[in-house]
Protein chains: 2
Amino acid sequence: MRLVIADCSVDYAGRLTAHLPRARRLLMLKGDGSILIHSETGSYKPLNWMNPPCNFSIHEPEEEHLNDGVISRWRVSQVKTADILWIQIYEIHLDVDHELGKDPGLIKDGVEAHLQELLAAQIELIGEGAQLIRREYMTPIGPVDILAKDATGQTVAIEIKRRGEIDGVEQLTRYLELLNRDAAIAPVRGIFAAQEIKPQAMTLAKDRGISCLILDYEAMRLDSFDPDSLFG
Amino acid sequence: MRLVIADCSVDYAGRLTAHLPRARRLLMLKGDGSILIHSETGSYKPLNWMNPPCNFSIHEPEEEHLNDGVISRWRVSQVKTADILWIQIYEIHLDVDHELGKDPGLIKDGVEAHLQELLAAQIELIGEGAQLIRREYMTPIGPVDILAKDATGQTVAIEIKRRGEIDGVEQLTRYLELLNRDAAIAPVRGIFAAQEIKPQAMTLAKDRGISCLILDYEAMRLDSFDPDSLFG
DNA sequence: ATCTTAATTTCGGCA
DNA sequence: TGCCGAAGTTAAGAT
């Protein structure tokens with residue numbers, strides 16, 4: 001990875017057109033050919049960037065640029081699309097190169113997929129006597145997170161979110177509308193399950209006859225290791 | 001901005017739990033207190049990060065870490081939330097500090113607002129004889145991108161997206177429901193216009209009687225410069 | 001301050 | 001490979 005701190009201006013043309021006036025910035029040239037342009041502020045998103053794979057070339061400044069004090073022009077272009085980034089370099093304050101090698105990558109824990117897995121394994125959390133039909137039940141408009149049957153034999157569609165907001169209720173509503181057209185499983189009722197449900201989402205769900213279920217991730221995780229369950 | 005290239009391992013605990021095994025990486029400490037951890041690959045998103053404002057402190061490694069060869073531990077915590085990042089440093093290969101100063105910021109051009117402007121100017125793209133009523137037509141639940149009348153005199157509500165996905169159809173559906181309660185303009189039909197429309201969104205739109213219109217940004221942009229239009 | 005919507009979204013999973 | 005949905009989404013604009 002090559003790190004350059006330089007006074008530069010940038011022009012991007014691709015999915016949109018953008019320009020960065022002259023200022024001191026960090027230019028980060030990754031081993032995969034990508035480039036990121038960072039400033040002192042702003043969260044992790046760079047001011048400008050080019051995704052790999054891309055071509056990098058150095059050009060002599062034309063007269064117009066020389067008069068402005070440009071000492072070099074960098075051209076970075078996307079190989080697959082027409083995106084182009086032009087960087088005008090005025091002065092370089094740092095220029096170092098280090099090989100980082102391959103990264104083993106991030107190990108994550110505690111995302112939506114986990115919640116789904118846990119609830120499928122502990123389906124009785126939606127009500128005693130409930131039985132799992134299947135996870136990721138496919139419909140023409142997308143997969144329903146969990147399809148189950150309750151103690152009375154009624155089909156239940158469950159939408160799981162980490163944070164329950166209005167669009168999750170909308171999503172479940174669409175599924176229910178579709179599923180209820182299928183005579184084989186209708187009538188289907190809905191459960192909106194999340195670690196946290198926003199009041200607005202709760203209100204909308206109730207208004208549509210959808211039950212809400214707050215999931216306790218920690219408790220579910222512990223339960224999944226409950227030795228009793230091995231003999232259940 | 002401080003740039004450190006170091007052999008390190010990272011543990012994040014916050015909205016999720018994540019771990020990065022030991023490897024050589026770039027640690028970027030911005031002036032606003034944020035930190036980014038980048039590897040040689042991957043697009044602009046860092047492997048791990050902490051958003052400003054945050055507290056930074058250096059800790060002596062405990063025995064368990066010393067045995068692993070840790071020479072220092074960095075603790076970065078979010079001020080507002082409970083998020084914490086622990087970085088174990090094994091070896092430092094670069095450590096430089098440069099002041100970048102304030103950045104003048106990015107100037108953009110060519111996003112969704114542009115599409116709306118172009119379609120309003122070329123409203124006949126939705127059908128010959130169509131006429132613009134107005135852009136950003138206000139309703140209690142938000143502005144409809146474009147309201148128009150077709151050749152038959154029927155009111156048309158248009159939702160514009162760069163990429164048409166399901167939530168855009170939902171949005172238009174809500175507007176149509178509301179607009180159709182207004183006797184002065186009802187009945188209102190809907191058009192979902194985008195540069196690209198996802199199959200599922202297309203399906204849902206058709207199911208709800210909403211037409212779809214693919215917008216050719218380049219063609220529309222060229223048309224808007226058509227010299228004939230100056231004399232039309 | 002809070003909520004809504006766009007993003008050069010990026011990223012991972014599955015058909 | 002393409003499509004779909006989640007993300008520690010982030011970020012910008014409106015209420």
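Just so it is clear, the structure is predicted and the values come from calculations on it, not from any experiment.
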Short side-chain N/O contact from A/Gln78 to OP1 or OP2 of C/dT8, under 4.0 Å: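 So the side chain of A/Gln78 is outside the cut-off, no N or O lying under 4.0 Å from OP1 or OP2 of C/dT8.
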Kindly say if A/Arg15 contacts the phosphate of C/dA7, meaning a side-chain N or O under 4.0 Å from OP1 or OP2. no
All N/O pairs under 3.5 Å across the protein-nucleotides 12-15 of chain D interface:
none

Please work out which residues in residues 163-178 of chain B have a non-hydrogen atom less than 4.0 Å from an atom of DNA chain D and list them by number. none
Base, sugar-phosphate or nothing for A/Gly142? Non-hydrogen atoms, less than 4.0 Å. sugar-phosphate
Which part of the nucleic acid, if any, lies within contact of A/Glu136, taking any heavy atom under 4.0 Å across all strands shown: a base, the sugar-phosphate backbone alone, or nothing? nothing
Could you tell me the separation between the [atom1] atom of [X] and the [atom2] atom of [N], rounded to a whole number of Å?
{"X": "A/Ile160", "N": "D/dA6", "atom1": "CD1", "atom2": "P", "answer": "11 Å"}
{"X": "A/Ile37", "N": "C/dT8", "atom1": "CD1", "atom2": "C1'", "answer": "12 Å"}
{"X": "A/Glu196", "N": "D/dA7", "atom1": "CD", "atom2": "P", "answer": "13 Å"}
{"X": "A/Glu117", "N": "D/dA6", "atom1": "CD", "atom2": "P", "answer": "16 Å"}
{"X": "B/Gln200", "N": "D/dC3", "atom1": "CD", "atom2": "P", "answer": "11 Å"}
{"X": "B/Ile197", "N": "D/dG2", "atom1": "CD1", "atom2": "C1'", "answer": "18 Å"}
{"X": "B/Lys198", "N": "C/dT9", "atom1": "NZ", "atom2": "P", "answer": "10 Å"}
{"X": "B/Lys30", "N": "D/dT10", "atom1": "NZ", "atom2": "P", "answer": "14 Å"}

Contacts of type side chain to side chain contact (heavy atoms under 4.5 Å, CB included), residue [X], not counting sequence neighbours:
{"X": "A/Gln131", "answer": "none"}
{"X": "B/Asp32", "answer": "A/Thr41, B/Lys30, B/Ser34, B/Pro52"}
{"X": "A/Ile107", "answer": "B/His19, B/Pro21"}
{"X": "A/Ala205", "answer": "A/Val169, A/Ile210, A/Cys212"}

Can you check the distance between D/dA14 and C/dT8, where both ends of the measurement are the C1' atom (answer in whole Å)? 24 Å
Using residues 137-144 of chain A as the side-chain source, report each donor-acceptor pair under 3.5 Å to any protein atom, sequence neighbours left out, with the distance given to one decimal.
from	atom 1	to	atom 2	distance (Å)
A/Thr139	OG1	A/Ile141	N	3.2
A/Thr139	OG1	A/Gly142	N	3.3
A/Thr139	OG1	A/Gly142	O	2.5

So which nucleotide from C/dT10, C/dA6, C/dA7 ends up closest to the side chain of B/Ser43? C/dT10
Closest approach to the side chain of B/Pro199, judged atom by atom: which nucleotide of D/dC3, D/dA6, C/dA6 is it?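 So the nucleotide nearest the side chain must be D/dC3.
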With B/Gln195 via side chain to side chain donor-acceptor pair (under 3.5 Å) - residues at least two apart: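 Per chain and number, B/Gln195 pairs via side chain to side chain donor-acceptor pair (under 3.5 Å) with no residue.
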Taking only residues two or more places apart in sequence, or in another chain, which ones meet B/Trp86 in a side chain to side chain donor-acceptor pair (under 3.5 Å)? none
Please give me the minimum heavy-atom distance between B/Asp83 and B/Gly14, naming the atom from each residue.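 Looking at all heavy atoms of both residues, the closest pair is OD1-CA, 3.5 Å.
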Measure across A/Ile126 and A/Ala148 and return the closest heavy-atom pair with its distance rounded to 0.1 Å.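 Taking A/Ile126 first and A/Ala148 second, the nearest heavy atoms are CD1-CB, 4.3 Å.
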Toward the 5' end of DNA chain C, by each residue's nearest nucleotide, B/Gly42 or A/Ala18: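 Between the two, 5'-proximity favours A/Ala18.
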List for me each residue that meets salt bridge (Lys or Arg N to Asp or Glu O under 4.0 Å) alongside B/Glu62, sequence neighbours excluded, and say none if there are none. B/Arg73
Could you give all pairs that pass the ring pair (Phe, Tyr, Trp, His ring centres under 6.0 Å) test and reach residues 35-56 of chain B, with sequence neighbours left out?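 Listed by first then second residue: A/Tyr44-B/Trp49, A/Trp49-B/Tyr44, B/Phe56-B/Trp74.
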Does A/Ile146 reach the side chain of A/Gln116, with side-chain heavy atoms less than 4.5 Å apart?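 The answer is yes, as the side chains (C-beta and beyond) meet within the 4.5 Å cut-off.
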Tell me which residues in residues 44-51 of chain A put a heavy atom below 4.0 Å from DNA chain C, sorted by number, or none. A/Lys45, A/Asn48, A/Trp49, A/Asn51
